[in-house]
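Numbered from 1 within each chain, the chains take letters A, B, ... in sequence-line order.
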2 protein chains.
Amino acid sequence: MKKPAAHLSPREIFGGNLRRLRRLKDLSQEDLALAADLSRVYVSEVERGLRNVSIDNMAQLADALEVELKELVDPDMFQAMQKKIG
Amino acid sequence: MKKPAAHLSPREIFGGNLRRLRRLKDLSQEDLALAADLSRVYVSEVERGLRNVSIDNMAQLADALEVELKELVDPDMFQAMQKKIG
DNA sequence: TTGTGACTTATAGTCCGTG
DNA sequence: GCACGGACTATAAGTCACA
């Protein structure tokens, strides 16, 4: 049993998944920003849920991390990932 | 065997899923717009992939249709739905 | 390496009409 | 019930200097 993953906003879910996945791939915000053709500051703010990011930029970020967009908006991305990885 | 669902942009996937789901629930664009607190014209354009919709509005639209956001960005929403419905 | 505030400019999003 | 257009206003996008 784990705790029930509080009521996060979609922004926060997206941002959190983005950050965790980025770190998993050992990328800095700047690396990711470059790969997604966005600014580092912008990525930083998206990760913290401060920006109301658009679907185009969400897609670029997903691309840069080589995941599907639906994974990044999934509140349970972690559990899903652990099933895959084992 | 069905055809392999062409290379749609995330906007088009989202818009298409939105439209199909809306019609499935027998809602007009205006009904949906009202429920999601958006303008009807805007909903029309999002459905056609003309707008770069933001995550907040995507979430409102998902809410209004009573589905999860990840379903609306899923290129294979239909197959997934048919498994559920049977 | 990341966060913050201040800022400009592009475009998201609305409201009014029309066919 | 929907697509399309023009004219608007709100806000997302993007950049900088500095902590």
Side-chain angles (χ1 to χ4, degrees), chain A residues 6 8-75 77-78, chain B residues 6 8-73 77-78:
Chain A
L8 297 170
S9 70
R11 289 186 191 197
E12 290 167 332
I13 291 165
F14 182 83
N17 286 346
L18 193 67
R19 171 161 292 188
R20 287 188 289 265
L21 219 57
R22 171 177 66 77
R23 286 180 171 159
L24 208 62
K25 300 215 168 194
D26 250 314
L27 299 171
S28 68
Q29 289 179 346
E30 186 150 17
D31 293 333
L32 175 56
L34 198 69
D37 198 28
L38 295 168
S39 86
R40 186 197 57 78
V41 171
Y42 184 67
V43 168
S44 161
E45 293 177 344
V46 168
E47 284 188 349
R48 283 171 294 135
L50 302 180
R51 294 276 191 160
N52 188 11
V53 60
S54 72
I55 191 170
D56 283 3
N57 284 348
M58 291 167 77
Q60 286 174 221
L61 288 164
D63 253 35
L65 288 178
E66 300 175 296
V67 293
E68 291 194 49
L69 179 48
K70 59 184 274 203
E71 300 195 55
L72 287 182
V73 299
D74 186 354
M77 188 199 71
F78 260 149
Chain B
L8 297 170
S9 70
R11 289 188 191 196
E12 289 167 333
I13 292 165
F14 182 82
N17 286 347
L18 193 67
R19 172 162 292 187
R20 288 188 288 266
L21 219 57
R22 171 177 66 76
R23 287 180 170 159
L24 208 62
K25 300 216 168 194
D26 249 312
L27 299 171
S28 68
Q29 288 180 345
E30 186 150 18
D31 292 334
L32 175 55
L34 198 69
D37 198 27
L38 295 168
S39 84
R40 190 196 62 71
V41 170
Y42 184 66
V43 168
S44 161
E45 293 177 344
V46 167
E47 283 189 349
R48 283 173 292 140
L50 302 181
R51 292 287 189 158
N52 187 13
V53 60
S54 71
I55 192 170
D56 283 4
N57 284 347
M58 291 167 76
Q60 286 175 220
L61 288 164
D63 253 36
L65 288 178
E66 301 176 297
V67 293
E68 290 194 50
L69 179 48
K70 58 184 275 201
E71 300 197 55
L72 286 183
V73 300
M77 187 198 72
F78 260 149

> Which distance, rounded to the nearest 0.5 Å, do you find between the CD1 of A:Ile13 and the CG of A:Leu18?
Replying inline: 13.5 Å

> How many Å lie between CZ on B:Arg48 and C1' on D:dG1, as a whole number?
Replying inline: 13 Å

> Considering the options A:Arg11, A:Arg19, A:Arg20, which one meets the side chain to side chain donor-acceptor pair (under 3.5 Å) requirement together with A:Glu47?
Replying inline: A:Arg19

>> What is the distance, to the nearest angstrom, from the NZ atom on B:Lys25 to the P atom on D:dG1?
In response: 18 Å

> Atom CG of A:Asp31 and atom P of C:dT1: how far apart are they, to the nearest Å?
Replying inline: 7 Å

>> Donor-acceptor pair, distance only, cut-off 3.5 Å: does the side chain of A:Asp74 make one with the backbone of A:Glu71?
In response: no

> In Å, rounded to the nearest 0.5 Å, how long is the span from OG of B:Ser28 to CG of B:Leu32?
Replying inline: 8.0 Å

>> Closest approach to the side chain of B:Ser28, judged atom by atom: which nucleotide of D:dC2, C:dT4, C:dT2 is it?
In response: D:dC2

> To the nearest angstrom, how far is A:Glu30 atom CD from C:dT2 atom P?
Replying inline: 9 Å

> Should A:Arg19 be listed as having a side-chain N or O under 4.0 Å from OP1 or OP2 of C:dT1?
Replying inline: no

> Within a reach of under 6.0 Å around CD of A:Glu30, are more than 12 heavy atoms found that belong to other residues, nucleotides or ligands?
Replying inline: no

> Could you give the distance from CG (B:Leu72) to CG (B:Leu21), rounded to the nearest 0.5 Å?
Replying inline: 6.5 Å

> To the nearest Å, how far apart are B:Glu47 CD and D:dG1 P?
Replying inline: 14 Å

> How many Å lie between CG on A:Leu50 and C1' on D:dT11, as a whole number?
Replying inline: 15 Å

> Going by heavy atoms closer than 4.0 Å, what residues in residues 60-69 of chain B are next to DNA chain D?
Replying inline: none

>> So does A:Leu27 get a backbone contact from the side chain of A:Arg22, meaning a donor-acceptor N/O pair under 3.5 Å?
In response: yes

>> Please tell me whether B:Arg48 and B:Ser44 have a donor and an acceptor in their side chains that are separated by less than 3.5 angstrom.
In response: yes

> Using a cut-off of 4.0 Å on non-hydrogen atoms, how would the nucleic acid contact of A:Arg23 be classed: base, sugar-phosphate, or nothing?
Replying inline: nothing

>> Generate the contact string for nucleotides 12-19 of chain D. Rules: B means base contact, S means sugar-phosphate contact only, - means no protein heavy atom under 4.0 Å.
In response: SBBBB---

>> For the CG atom on A:Asp56, are there more than 12 heavy atoms of other groups (residues, nucleotides or ligands in this structure) within a distance under 6.0 Å?
In response: yes

